[in-house]
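The sequence lines fix the lettering, A, B, ..., with proteins before strands; numbering per chain opens at 1. What you see is a predicted model, and the numbers here were worked out from it, not measured in a lab.
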Number of protein chains: 2
Amino acid sequence: MEFTEAKDKFIQTWGTLATQWGINRSMAQLHALLLISPEPMTTEDVMEQLQISRGNASMNLRDLMDWGLIYKQLKAGERKEFYVAEKDIWKVARQVAKERRRREITPVVEVLNDLKAIDATTPEAQEFKRVMEGLSSVVGFADNTLNAVIRAEENWLMSQFLKVFR
Amino acid sequence: MEFTEAKDKFIQTWGTLATQWGINRSMAQLHALLLISPEPMTTEDVMEQLQISRGNASMNLRDLMDWGLIYKQLKAGERKEFYVAEKDIWKVARQVAKERRRREITPVVEVLNDLKAIDATTPEAQEFKRVMEGLSSVVGFADNTLNAVIRAEENWLMSQFLKVFR
DNA sequence: GTTTATTTTCAATTATTTTTGAAACTATAA
DNA sequence: TTATAGTTTCAAAAATAATTGAAAATAAAC
């Protein structure tokens with residue numbers, strides 16, 4: 001396969017995968033592009049490569065910074081801002097795990113805790129409580145797993161352990 | 001909190017969470033509703049409870065069956081079809097892990113394998129290859145983790161182990 | 001066979017999300 | 001200070017995804 005073709009396919013594939021996981025395509029494609037770029041890129045660069053507008057680029061670059069996946073870089077004598085992706089791919093994974101946990105899991109854990117506190121008089125309420133308790137444990141498991149990823153660096157053991165389940 | 005209120009809050013919360021993970025709201029809400037219902041429900045029942053159309057109900061109930069999260073049930077003497085959710089919450093989790101793996105992870109693994117096979121002549125191509133290899137290992141890790149969940153039943157050890165990282 | 005109850009399909013509509021682009025803003029340089 | 005280069009914002013437009021509803025299909029009952 002041609003390099004240019006491979007690059008396009010990667011950016012495309014990454015964008016599609018992201019969409020299925022609730023992340024918008026431009027954001028994923030920007031990330032993909034910066035990941036494989038050996039050089040820092042300007043807003044102009046990414047706009048041209050992905051054929052997207054300035055506004056779109058600006059907003060999604062900012063979101064990527066909020067997620068801790070890319071950084072702004074200044075070059076001496078240059079007025080423009082350059083962007084570089086975090087290249088340590090495990091750090092990227094940890095960062096994604098961290099953010100999704102914070103934004104999505106934690107709030108749900110709280111709601112579930114509230115919900116399992118109702119008093120179960122009717123059969124419906126009993127069933128409800130049972131389901132809430134079950135979900136709590138599953139969500140708790142997901143939470144632990146994400147934490148395991150987040151702390152994988154400190155826990156060499158973890159990654160070794162998971163290999164067992166190949 | 002009132003039971004009816006709790007029920008609504010749960011269905012609402014579940015729908016929102018699902019949206020953030022790329023699953024449509026109706027499907028998630030249908031699932032939530034059936035999960036907490038002690039009795040099998042007809043299409044009419046769910047339409048009324050969630051205030052959605054027949055078409056919407058029909059399509060999403062079918063999707064939920066494709067995901068292996070709910071079952072059709074026939075009642076003697078009744079012409080209508082009844083739906084029940086899989087109530088074993090760990091089975092639900094395994095099923096979701098299984099399906100997402102099959103639909104999303106596996107195809108990406110294949111693409112990445114293709115992409116890391118290009119020959120790296122230019123610095124760009126070298127960087128590209130490096131990133132593809134890194135991503136392969138991360139996606140491989142995700143794959144292993146999902147597999148661990150899928151086989152959790154057989155692997156009591158797994159769940160115990162993850163508790164360490166609480 | 002026909003009638004009737006129920007489910008499914010899918011084109012059209014509606015809702016939601018994403019993207020655009022130009023104006024407003026910021027900061028550096030002259 | 002004013003001009004200039006670059007960035008951000010956000011209302012409007014476009015694209016995408018979800019939902020409706022009525023017609024078609026299916027299947028049980030007669």
Checking all strands, does A:S26 fall into the base, sugar-phosphate, or nothing category for heavy-atom contacts under 4.0 angstrom?
sugar-phosphate
Can you tell me how far C1' of C:dT17 sits from CD of B:Q20, to the nearest Å?
14 Å
N/O donor-acceptor pair under 3.5 Å between B:E99 side chain and B:V96 backbone:
no
Among C:dG21, D:dT9, C:dT7, find the nucleotide with the atom closest to the side chain of A:S53.
C:dG21
Minimum-distance nucleotide (side-chain atoms of A:M59 versus C:dT8, D:dT9, D:dT7)
D:dT9
Going 5' to 3' along nucleotides 23-30 of chain C, which nucleotides have protein heavy atoms under 4.0 Å from the base (write B), which only from the sugar-phosphate (write S), and which from neither (write -)?
----BBS-
Can you pull out every ring pair (Phe, Tyr, Trp, His ring centres under 6.0 Å) where at least one residue sits in residues 48-84 of chain B? Sequence neighbours excluded, please.
none
So that I can tick it off, tell me whether A:E133 and A:K116 are bridged by a salt bridge, with the cut-off set at under 4.0 angstrom between side-chain N and carboxylate O.
no
Just the rounded figure in Å: distance from P of C:dT18 to CG of A:D63.
10 Å
If you draw a 6.0 Å radius around CZ in B:R102, do more than 12 non-hydrogen atoms from other residues or ligands fall strictly inside?
yes
From CD of A:E78 over to P of D:dA5, roughly how many Å is that when rounded to an integer?
14 Å
Nearest to the side chain of A:R25, which nucleotide is it out of D:dT16, C:dT20, C:dT7?
D:dT16
Taken to the nearest whole Å, NZ/B:K80 to C1'/C:dT8 is 17 Å
Could you tell me the separation between the CD1 atom of B:I23 and the C1' atom of D:dT19, rounded to a whole number of Å?
18 Å
Separation of B:L30 atom CG from C:dT7 atom P, in whole Å?
14 Å
Distance test, side-chain N/O of B:K72 to OP1/OP2 of C:dT8, below 4.0 Å
yes
Could you state the CG-P distance from B:D45 to C:dT7, rounded to the nearest angstrom?
11 Å
Starting from C1' on C:dT18, measure out to CD on A:Q29 and report it in whole angstrom.
12 Å
Reported CG-to-CZ distance for the pair B:L33 and B:F10, which is rounded to 0.5 angstrom:
9.5 Å
Are A:W21 and B:E104 close enough that a side-chain donor and a side-chain acceptor fall under 3.5 Å?
yes
How do A:Q51 and B:E81 order along DNA chain C: which one's closest nucleotide is nearer the 5' end?
B:E81
Would you tell me whether A:N56 and A:S53 have side-chain atoms, one donor and one acceptor, within less than 3.5 Å of each other?
no
Base, sugar-phosphate, or nothing: which does B:N24 touch, judged by heavy atoms less than 4.0 Å apart?
sugar-phosphate
